[in-house]
*Asks:* 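Got a structure for you, questions after.
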Amino acid sequence: MHDRQKKGRRMDEWGPVDLIHLSDGRGVSLVLRAVEPHKARHARVQAECLITTDFVDARLKTNIWLDHLEEWEEALRRLSAGEDASWPQGSRGLELYFHPHEDGWLSISVHDPDRLTVALGLEPTSEWLDEHEANLQRLRDACGES
């Protein structure tokens with residue numbers, strides 16, 4: 001969550017939480033955002049995937065399944081080791097594939113079998129993995145999954 005999302009909100013108020021927020025400052029970005037609060041006894045959070053490049057500007061409604069959060073944590077570990085990662089694995093819905101390059105670039109494939117497949121490349125900040133570990137914890141906290 002960005003500072004502007006935090007300001008002016010009480011701790012008990014819910015606001016959108018970005019699980020994934022990758023941008024290169026050149027108009028290429030991928031955001032996976034939980035857009036509604038987690039409801040008790042539900043295994044998912046409603047979300048949207050925002051993809052922006054010079055040739056695509058897409059908003060896909062989707063879900064973040066809470067039982068996939070551990071897989072995302074493992075994907076982040078793999079990426080920090082310089083390995084490829086996909087998430088969530090075996091999903092019938094939205095699937096993301098990440099390929100880190102030695103020069104800092106990140107190739108990403110976004111696949112939704114019913115709507116879209118797109119590949120993009122960007123150079124995220126050097127802190128992106130730490131930021132995404134913090135994003136994961138924020139979403140877990142927001143969903144009572146800590």
Side-chain angles (χ1 to χ4, degrees), residues 1-9 13-39 42-145:
M1 188 177 324
H2 301 288
D3 288 339
R4 62 182 163 75
Q5 291 174 315
K6 290 183 207 175
K7 290 181 182 175
R9 194 173 55 195
E13 292 179 3
W14 192 90
V17 178
D18 290 354
L19 179 62
I20 299 173
H21 193 126
L22 293 166
S23 177
D24 68 359
R26 289 175 248 170
V28 177
S29 65
L30 170 68
V31 177
L32 181 61
R33 176 175 294 145
V35 295
E36 292 191 9
H38 175 250
K39 296 176 182 140
H42 283 82
R44 63 181 168 78
V45 178
Q46 291 186 0
E48 61 186 9
C49 182
L50 309 167
I51 305 152
T52 305
T53 70
D54 57 351
F55 60 92
V56 172
D57 189 9
R59 171 177 273 147
L60 304 172
K61 290 185 179 185
T62 190
N63 293 297
I64 298 171
W65 294 90
L66 300 181
D67 60 352
H68 289 165
L69 294 180
E70 285 185 29
E71 286 181 26
W72 178 236
E73 185 173 25
E74 179 57 31
L76 289 172
R77 278 192 213 109
R78 290 181 61 124
L79 290 164
S80 69
E83 299 174 12
D84 293 354
S86 63
W87 181 79
Q89 296 187 357
S91 174
R92 290 183 304 226
L94 183 73
E95 186 171 8
L96 307 173
Y97 176 78
F98 301 87
H99 174 76
H101 298 270
E102 289 181 18
D103 62 0
W105 276 84
L106 186 63
S107 295
I108 306 165
S109 174
V110 180
H111 178 70
D112 185 303
D114 297 327
R115 299 178 280 186
L116 173 79
T117 296
V118 66
L120 53 126
L122 54 81
E123 188 172 15
T125 66
S126 59
E127 304 86 23
W128 80 271
L129 286 163
D130 291 336
E131 291 168 356
H132 283 78
E133 288 173 3
N135 291 352
L136 173 60
Q137 188 58 51
R138 270 192 286 283
L139 182 59
R140 284 179 166 155
D141 292 346
C143 295
E145 295 286 314

*Asks:* Any chance you could measure E133, atom CD, to W72, atom CH2, to the nearest 0.5 Å?
*Replies:* 10.0 Å

*Asks:* What is the ring orientation for H99 with Y97, classed by angle as parallel under 30°, tilted 30 to 60°, or perpendicular over 60°?
*Replies:* parallel

*Asks:* Please give me the minimum heavy-atom distance between P113 and G93, naming the atom from each residue.
*Replies:* CD-O, 3.5 Å

*Asks:* Got a second to check how far I20's CD1 is from L136's CG, nearest 0.5 Å?
*Replies:* 10.0 Å

*Asks:* Considering only heavy atoms from C-beta outward, does the side chain of L30 approach that of C49 to under 4.5 Å?
*Replies:* yes

*Asks:* Show every donor-acceptor pair shorter than 3.5 Å between a side-chain atom in residues 50-60 and any protein atom, with sequence neighbours excluded, or say none if there are none.
*Replies:*
from, atom 1, to, atom 2, distance (Å)
T53, OG1, F55, N, 3.1
T53, OG1, V56, N, 2.9
R59, NE, E48, OE1, 3.1

*Asks:* Starting from the C-alpha separation in whole Å, work towards a yes-or-no answer on side chain to side chain contact (heavy atoms under 4.5 Å, CB included) for N63 and Q46.
*Replies:* CA-CA 5 Å; N63 293 297; Q46 291 186 0; 3.9 Å; yes

*Asks:* Mind running side chain to side chain contact (heavy atoms under 4.5 Å, CB included) on E70 and R140 for me, showing each step along the way?
*Replies:* CA-CA 10 Å; E70 285 185 29; R140 284 179 166 155; 3.8 Å; yes

*Asks:* Kindly indicate whether the side chain of V28, heavy atoms from C-beta on, has any atom under 4.5 Å from the side chain of S23.
*Replies:* no

*Asks:* Show the nearest heavy-atom pair for residues A34 and V45, with the distance to one decimal.
*Replies:* CB-CG1, 3.6 Å

*Asks:* When you check the gap from the basic side-chain N to the acidic O, do E74 and R78 get nearer than 4.0 Å?
*Replies:* no

*Asks:* Locate the shortest heavy-atom distance separating L129 from S80; write the atom from each residue and the value.
*Replies:* CD1-CA, 3.4 Å

*Asks:* Please set out all donor-acceptor pairs under 3.5 angstrom arising from side-chain atoms of residues 117-126, sequence neighbours excluded.
*Replies:*
from, atom 1, to, atom 2, distance (Å)
T117, OG1, H111, ND1, 2.6

*Asks:* Atom CD of Q89 and atom CD of E95: how far apart are they, to the nearest 0.5 Å?
*Replies:* 7.5 Å

*Asks:* So does R26 get a backbone contact from the side chain of D24, meaning a donor-acceptor N/O pair under 3.5 Å?
*Replies:* yes

*Asks:* Is L76 close to E73 at the side-chain level, that is, under 4.5 Å between some pair of heavy atoms?
*Replies:* no

*Asks:* So which heavy atom on D103 is nearest to which on W105, and how close?
*Replies:* OD1-N, 3.1 Å

*Asks:* So, taking the atom named CZ in R138 and the one named CG in D18, what distance separates them when rounded to the nearest 0.5 Å?
*Replies:* 8.5 Å

*Asks:* Would L66 and L139 count as a side chain to side chain contact (heavy atoms under 4.5 Å, CB included) here? Give the steps.
*Replies:* CA-CA 9 Å; L66 300 181; L139 182 59; 5.5 Å; no

*Asks:* Drop me the distance from S86's OG to E71's CD, to the nearest 0.5 angstrom.
*Replies:* 8.5 Å

*Asks:* One pair to check against side chain to side chain contact (heavy atoms under 4.5 Å, CB included): L19 and W87. What are the steps and the verdict?
*Replies:* CA-CA 12 Å; L19 179 62; W87 181 79; 3.6 Å; yes

*Asks:* Find the distance between CZ (R77) and CD (E83) and round it off to the nearest 0.5 Å.
*Replies:* 12.0 Å

*Asks:* Do the ring centers of H132 and W128 come within less than 6.0 Å of each other?
*Replies:* yes

*Asks:* Between Q137 and D141, does a side-chain hydrogen bond (donor to acceptor under 3.5 Å, both in side chains) hold up when you go through it step by step?
*Replies:* CA-CA 6 Å; Q137 188 58 51; D141 292 346; 2.8 Å; yes

